[in-house]
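One structure is given here, and the rest of the page talks about it.
Just the heavy atoms: all of them, side chains too, but no hydrogens, waters or symmetry mates, feed the values below.
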Amino acid sequence: MDGFAEAMLERVRAAQEAVAAARRSGDAYALAVASDELDDALRIAHANGVALEVSPEGDGGGAGG
């Protein structure tokens, strides 16, 4: 796996963790921001052919490849 793919996987993982934390805290604004970051990270990874395994909820489930 190259450096770009590793960085994208880490970005997705971090965004998933942020989404999960925002859900747990009930912070709607943080959830919106984290969800946007996750969507952006997934879009970029997909556009560049980075294989990801992401839970449908984006809730911190396994991102890997």
Side-chain angles (χ1 to χ4, degrees):
M1 179 178 305
D2 67 10
F4 177 78
E6 289 179 19
M8 287 309 307
L9 290 172
E10 181 55 35
R11 183 175 172 186
V12 169
R13 284 185 198 108
Q16 289 175 321
E17 290 171 10
V19 166
R23 284 187 178 145
R24 284 191 301 272
S25 71
D27 186 336
Y29 177 75
L31 179 58
V33 171
S35 294
D36 285 347
E37 169 62 14
L38 180 57
D39 289 345
D40 192 48
L42 292 172
R43 179 186 56 78
I44 292 169
H46 178 74
N48 287 281
V50 177
L52 301 170
E53 292 178 20
V54 179
S55 63
E57 297 289 317
D59 62 0

Checklist entry - Do you know the tightest heavy-atom contact between Met8 and Ala41? => result CE-O, 3.2 Å
Next on the checklist: Quick check: do Arg13 and Leu9 have side-chain heavy atoms less than 4.5 Å from each other?
Outcome noted: yes
Next on the checklist: As a test of understanding, state which of Leu38, Leu42, Ile44 forms a side-chain contact (heavy atoms from CB on, under 4.5 Å) with Arg11.
Outcome noted: Ile44
Next on the checklist: If you compare all heavy atoms of Ala30 against all heavy atoms of Ala22, which two are closest, and at what distance to 0.1 Å?
Outcome noted: C-CB, 3.7 Å
